[in-house]
Amino acid sequence: MSAFPHPVQIRPRQRQPELEREFLRSPALGYETPEEAGLVRCLAHGFPTPLARWHFHDEYELHLITATSGKAFIGDWIGPFEPGHLVLCGPRLPHNWISLDTGGKTVEERDLVIQFLHEPLQSAGESIPELHDVMQLLSRARHGVEFFGVSERARAHWDLIKASRGIRRFGHFCELMADLTQCTDYRLLSTVQMQGDGGAEQDQISRIVDRITTDVGSSISMGDLAAELGMTESRFSRFFRRSTGNSFTDFVNRVRINNACHLLMQTDHYVTDICYQVGFNNVANFNRRFLEIKGMTPTEFRRQADHRFGGQR
């Protein structure tokens, strides 16, 4: 027999977001039953809680923080939150909020949440013109939308929705969505914002964006893309900026940094390896662009991202 004990097998920390399944949504955790909820589900919880974890689900989620401050993790975005922080997350967009100022004490109410599915609203939107603005809002939500200046009204809407059932609940939900669609003080938490107006031009830019995002590690020439569309480079540059809100170079850099964020969060690859995987050929340039776009270095991003589990590695 060996004189040395067998090494302890340490289970690696789960880096992929957890899929929240319906059977786990217990009323004991604050969830409404399906009979109570209908299209719109309300949820309130405190902190700490099993619900505060790196996860995603099929519903949209409107999330209002009412107490504590800390770090929010929404997709690849990391930022601070405090009471009044209001975010709409799209389906399957990973998210988590970690309070850092509780001193180990339990907070009875920290989060007010509304969840709802896409398909019923999409079906209704095909025949109800009044839902047009709502569908545009839901399109933006796939990046995560943070709203400013409407948290008090959102709280009042949540209370009315929670206290009502049936068509009256749906009516209060529509009032909430109307306020959100009319809110002009917001930001997308994604690194890329599309601003196309639809039609053939939007189809063209969508195909270009698909190529950039699908094969992020390859070298993509603006001149080649312009030639494919029968444009001069200067015309293509104006067309691209009008459609995406970014210059071509800035857009490609943002997409590459976005992919780097996912690799930093979900793998243990070295930063230098990630640099080349996402299409940069110079580590110094990668670090500089990352700092410009994310406000921190890749190493600091990875260190902060580890907090999304509720602790440090």
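A distance of 7.0 Å separates CD in E146 from CD1 in I74, rounded to the nearest 0.5 Å. Taking CG of L62 as the start and CG of L180 as the end, the distance is 5.5 Å to the nearest 0.5 Å. Rounded to the nearest 0.5 Å, atoms NE2 (H132) and OG1 (T181) are 11.0 Å apart. Once rounded to the nearest 0.5 Å, the distance linking CZ of R187 with CZ of R140 reads 15.5 Å. Rounded to the nearest 0.5 angstrom, L121 CG and C174 SG are separated by 8.0 Å. With values rounded to the nearest 0.5 angstrom, W158 atom CH2 is found 8.0 Å from I114 atom CD1.
The shortest side-chain heavy-atom distance between L51 and L43 falls under the 4.5 Å cut-off. You'll find the side chain of F56 stays beyond 4.5 Å of the side chain of L93, heavy atoms only. For the pair N96 and K71, the minimum side-chain heavy-atom distance is 4.5 Å or more. Taking 4.5 Å as the limit, some side-chain heavy atom of F301 sits within range of a side-chain heavy atom of I78. F116 has its side chain within reach of L138: a pair of non-hydrogen atoms, C-beta onward, lies under 4.5 Å apart. Counting heavy atoms from C-beta on, the side chains of N258 and W77 never come closer than 4.5 Å. Residues T272 and F286 fail the side-chain proximity criterion, which asks for heavy atoms closer than 4.5 Å. At a threshold of 4.5 Å between non-hydrogen side-chain atoms, the residues R142 and P91 do not count as touching.
What you find for L24 and E18 is that their closest heavy atoms are CD1-OE2, 4.3 Å. Closest approach of A67 to P83, counting heavy atoms only: CA-CG, 3.9 Å. A pairwise comparison of heavy atoms in S99 and T68 identifies OG-OG1, 2.6 Å as the closest pair. Heavy-atom minimum distance, D76 versus C261: CB-CB, 3.6 Å. Shown here for W97 and F47, the closest heavy-atom pair between the two residues is O-CE1, 4.0 Å. The minimum heavy-atom distance between L86 and A154, with the atom names listed, is CD2-CB, 3.8 Å.
Heavy atoms from other residues, nucleotides or ligands lying under 6.0 Å from CD of E292 number more than 12. Within a 6.0 Å sphere centred on CZ of R165, other residues, nucleotides and ligands contribute more than 12 heavy atoms. Environment of CZ in R288: crowded, with over 12 heavy atoms of neighbouring residues, nucleotides or ligands closer than 6.0 Å. Crowding of D185 atom CG: a count of heavy atoms from other residues, nucleotides or ligands under 6.0 Å exceeding 12.
Put simply, the side chain of E32 gets close to the backbone of C42: a donor and an acceptor are under 3.5 Å apart. Proximity of a side-chain donor or acceptor of S221 to a complementary backbone N or O of G223 within less than 3.5 Å is detected. Distance alone, capped at 3.5 Å, is enough to place a donor-acceptor pair between the S164 side chain and the L160 backbone. Judged by distance alone, with hydrogens and angles left aside, the side-chain atoms of T49 form no donor-acceptor pair with the main-chain N or O of A52 at under 3.5 Å. Between the side chain of N259 and the backbone N or O of V278, no donor-acceptor pair lies under 3.5 Å. In this structure a side-chain-to-backbone donor-acceptor pair under 3.5 Å is present from H55 to R53. Although no hydrogens or angles enter the test, the distance criterion places no donor-acceptor pair under 3.5 Å between the side chain of S139 and the main chain of M135. Distance alone, capped at 3.5 Å, places no donor-acceptor pair between the R169 side chain and the G166 backbone.
F173 and L117 fall into different hydrophobic clusters, defined by Ile, Leu, Val, Met, Phe, Trp and Tyr side-chain heavy atoms under 4.5 Å apart, directly or through other members. L263 and Y270 fall into different hydrophobic clusters, where Ile, Leu, Val, Met, Phe, Trp and Tyr residues are linked whenever their side-chain heavy atoms come under 4.5 Å apart, directly or through other members. Following chains of ILVMFWY side-chain contacts shorter than 4.5 Å, one can reach Y60 starting from F147, so the two form part of one hydrophobic cluster. At a threshold of 4.5 Å between side-chain heavy atoms, the hydrophobic network of Ile, Leu, Val, Met, Phe, Trp and Tyr places M265 and L291 in two separate groups. Both I161 and L137 are assigned to one and the same hydrophobic cluster, defined by single-linkage of ILVMFWY side chains at heavy-atom distances under 4.5 Å.
At a threshold of 4.0 Å, the pair R92-E59 does not count as salt-bridged, since none of the basic side-chain nitrogens sits closer than that to a carboxylate oxygen. Salt-bridge formation is not detected for the pair E152/R155: no Lys NZ or Arg NE/NH1/NH2 atom is positioned less than 4.0 Å from an Asp or Glu carboxylate oxygen.
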Check step by step if side-chain contact (heavy atoms from CB on, under 4.5 Å) holds for I208 and F236. CA-CA 11 Å; I208 292 170; F236 176 85; 3.6 Å; yes
Given side chain to side chain donor-acceptor pair (under 3.5 Å), test T66 with R110 step by step and report yes or no. CA-CA 5 Å; T66 62; R110 188 195 70 160; over 6 Å; no
CA sep, side-chain torsions, deciding dist, call: V145, L189, side-chain contact (heavy atoms from CB on, under 4.5 Å): CA-CA 6 Å; V145 184; L189 304 180; over 6 Å; no
Does the pair W54 and I98 meet the rule for a side-chain contact (heavy atoms from CB on, under 4.5 Å), with working shown? CA-CA 10 Å; W54 182 232; I98 300 296; over 6 Å; no
The test is side-chain contact (heavy atoms from CB on, under 4.5 Å); show your working for I274 and R302 and say whether it passes. CA-CA 12 Å; I274 291 174; R302 171 171 273 169; 3.8 Å; yes
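Outside the 6.0 Å centre-distance limit, the rings of F73 and H95 are not counted as a close aromatic pair. For F148 and Y186, the ring centers are positioned 6.0 Å apart or more.
A donor and an acceptor atom, one from each side chain of R256 and N253, are nowhere located under 3.5 Å apart. Under the 3.5 Å distance criterion, with hydrogens and angles disregarded, a donor-acceptor pair is assigned to the side chains of Q304 and E300. A donor-acceptor pair shorter than 3.5 Å can be found between the side chains of T232 and S234. Remark: the H157 side chain and the E175 side chain contain no N/O donor-acceptor pair separated by less than 3.5 Å.
Ring pair F81/H85 is tilted by interplanar angle, where 30° to 60° counts as tilted.
Tested against Y31 for a side chain to side chain contact (heavy atoms under 4.5 Å, CB included), the candidates H45, R25, E22, E36 yield a single pass: R25.
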